[in-house]
Amino acid sequence: MKNTLPALASLGCVLLVAGCGMLPDKPARATLYDFGPGLSATAPATALPALSLAEFDSNTRLDGTQILYRLGYADANELRPYGQSRWSLPPAQLLRQRLRDTLAERRTVLGPEESATLARTEGIVPDTLRISLDEFSHYFDAPASSTGLVRLRATLVRTATGGDRVMGQRTFTVRRPAASADAPGGVKALIAASDAAMAEVVQWVDQLQQQEPPQPRTAAPRR
């Protein structure tokens, strides 16, 4: 019995150590990405009219924070998520922040509530820019060739006495090459494609408003 007890104790220690080794590892924390620290703050130009930027609409598949990719050479219809990488916010929110910063370099940009307050108190109704995000993915044409793909639809609406009028609508599709076939490469390519798309949207809005300058007042103020 005296010889058996130490042996049992040793066996118990061995089993305890083995059991600890079989415990599952802590799940790896996902790497979060955003669009960076943002653009440098500048005073908006007073020459351009104020603009109301609506909340973005998006494909329901883009409502989450997953970083998505497509294997165009295998099945372009399937969206796949990167396992350990995430956006810090849904893509539509990141894009709206970027577009607002870009527009604000040259004009005053209002949110829906700010625009409604301005219309109610001052009778000023700015044009409204609406964006629908349809595609935001790391697209692989081949295993070693991929791009960041952004596709969105922009609509510029003007509110007048007779109601809302669509001044223009356009779909923007932008691709930018990815430096690597992984999540970090896809993120950088998507940010580059997003910045290019935002620049095209801003130029398009400026052209439409130059063709039809907005009226400074379209309604009597309510106090």
Side-chain angles (χ1 to χ4, degrees), residues 30-42 44-45 51 53-107 109 129-156 169-208:
T31 303
L32 292 182
Y33 293 93
D34 59 18
F35 279 20
L39 305 175
S40 300
T42 57
L51 186 70
L53 182 60
E55 298 294 336
F56 278 30
D57 293 325
S58 66
N59 184 322
T60 55
R61 191 67 175 88
L62 302 176
D63 288 343
T65 59
Q66 293 177 322
I67 299 175
L68 302 173
Y69 66 94
R70 293 182 189 270
L71 301 181
Y73 59 89
D75 186 358
N77 295 322
E78 183 180 359
L79 276 171
R80 308 163 189 246
Y82 282 108
Q84 294 300 320
S85 299
R86 296 284 189 276
W87 295 109
S88 61
L89 294 170
Q93 294 184 35
L94 291 172
L95 276 168
R96 187 178 184 276
Q97 290 178 357
R98 195 64 142 196
L99 180 55
R100 181 170 187 140
D101 290 345
T102 305
L103 287 165
E105 291 184 320
R106 304 181 60 199
R107 66 173 80 227
V109 183
L129 178 60
R130 297 172 182 166
I131 302 290
S132 177
L133 179 61
D134 299 324
E135 180 70 20
F136 195 78
S137 66
H138 185 190
Y139 189 91
F140 286 81
D141 298 293
S145 176
S146 60
T147 58
L149 174 59
V150 176
R151 185 174 66 251
L152 55 86
R153 185 175 65 258
T155 306
L156 187 63
Q169 186 177 83
R170 179 178 165 185
T171 297
F172 298 84
T173 302
V174 181
R175 293 173 178 258
R176 288 295 182 269
S180 58
D182 53 14
V187 164
K188 292 184 184 302
L190 281 166
I191 293 173
S194 298
D195 285 343
M198 297 303 96
E200 290 186 20
V201 169
V202 170
Q203 184 180 23
W204 174 74
V205 170
D206 290 349
Q207 290 174 347
L208 287 179

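- Aromatic ring centres of Phe140 and Tyr73: separated by at least 6.0 Å.
- Asp206 has a carboxylate O that lies under 4.0 Å from a charged side-chain N of Arg107, or vice versa, which qualifies the two as a salt bridge.
- With a 4.5 Å cut-off on side-chain heavy atoms, Leu71 and Glu78 do not count as touching.
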- [ ] Applying side chain to side chain contact (heavy atoms under 4.5 Å, CB included), run through Leu156 and Leu51 and close with a yes or a no.
- [x] CA-CA 10 Å; Leu156 187 63; Leu51 186 70; 3.9 Å; yes
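- For the atom pair CG (Leu208) and CD (Gln203), the distance works out to 11.0 Å, reported to the nearest 0.5 Å.
- Residues Leu94 and Tyr33 have side chains not in contact (no heavy-atom distance under 4.5 Å, counting atoms from C-beta outward).
- Put simply, the side chain of Ile191 does not reach to within 4.5 Å of the side chain of Asp34, judged on heavy atoms.
- One distance of note links NE2 of His138 with OG of Ser180; it measures 7.0 Å at 0.5 Å rounding.
- Residues Phe136 and Leu190 are in side-chain contact: their nearest non-hydrogen atoms beyond the backbone lie under 4.5 Å apart.
- Remark: side-chain polar atoms of Arg130 are not paired, donor with acceptor, to backbone N or O of Thr155 under 3.5 angstrom.
- Under the 4.0 Å criterion applied to side-chain N and carboxylate O atoms, Arg153 and Asp134 are assigned as salt-bridge partners.
- A distance of 9.0 Å separates CG of Leu103 from CE of Met198, quoted to the nearest 0.5 Å.
- Across all non-hydrogen atoms, the minimal contact from Trp204 to Gln169 is CZ2-N, 3.6 Å.
- Between Arg176 and Thr147, the closest side-chain pair of non-hydrogen atoms is not below 4.5 Å.
- In terms of heavy atoms, Ala154 sits closest to Leu129 at CB-CD1, 4.3 Å.
- A distance-only check finds a donor-acceptor pair linking the side chain of Arg86 to the backbone of Tyr82 [under 3.5 Å].
- Annotation: salt bridge (charged side-chain N to carboxylate O under 4.0 Å, His left out) contacts of Arg100 (sequence neighbours excluded): Glu114.
- Residue Asp182 comes nearest to Gly185 through the heavy atom pair OD1-N, 3.0 Å, listed as atom of the first residue, atom of the second, then distance.
- Scanning all heavy atoms of the two residues, the minimum distance from Ser58 to Ala92 falls at CB-CB, 4.0 Å.
- In terms of modelled atom types and a separation under 3.5 Å, the side chain of Arg98 and the main chain of Ser194 share no donor-acceptor contact.
- Note that the CZ atom of Arg80 and the CG atom of Leu68 stand 11.5 Å from one another [nearest 0.5 Å].
- Residues Arg175 and Tyr139 have side chains in contact (heavy-atom distance under 4.5 Å, counting atoms from C-beta outward).
- Here the rule is side-chain contact (heavy atoms from CB on, under 4.5 Å) with Arg96, and of Leu89, Leu53, Leu133 only Leu53 fits it.
- Smallest separation of non-hydrogen atoms from Pro177 and Ala189: O-CB, 3.7 Å.
- Side-chain contact check for Val201 versus Leu152: some heavy-atom pair is nearer than 4.5 Å.
- With values rounded to the nearest 0.5 angstrom, Gln207 atom CD is found 8.0 Å from Arg170 atom CZ.
- Between Pro91 and Gly64, the closest heavy-atom pair is CD-O, 3.3 Å.
- Contact of the Ser85 side chain with the Val187 side chain is not registered, since no non-hydrogen atoms from C-beta on lie closer than 4.5 Å.
- Rounded to the nearest 0.5 Å, atoms CG (Leu95) and CD1 (Ile131) are 9.0 Å apart.
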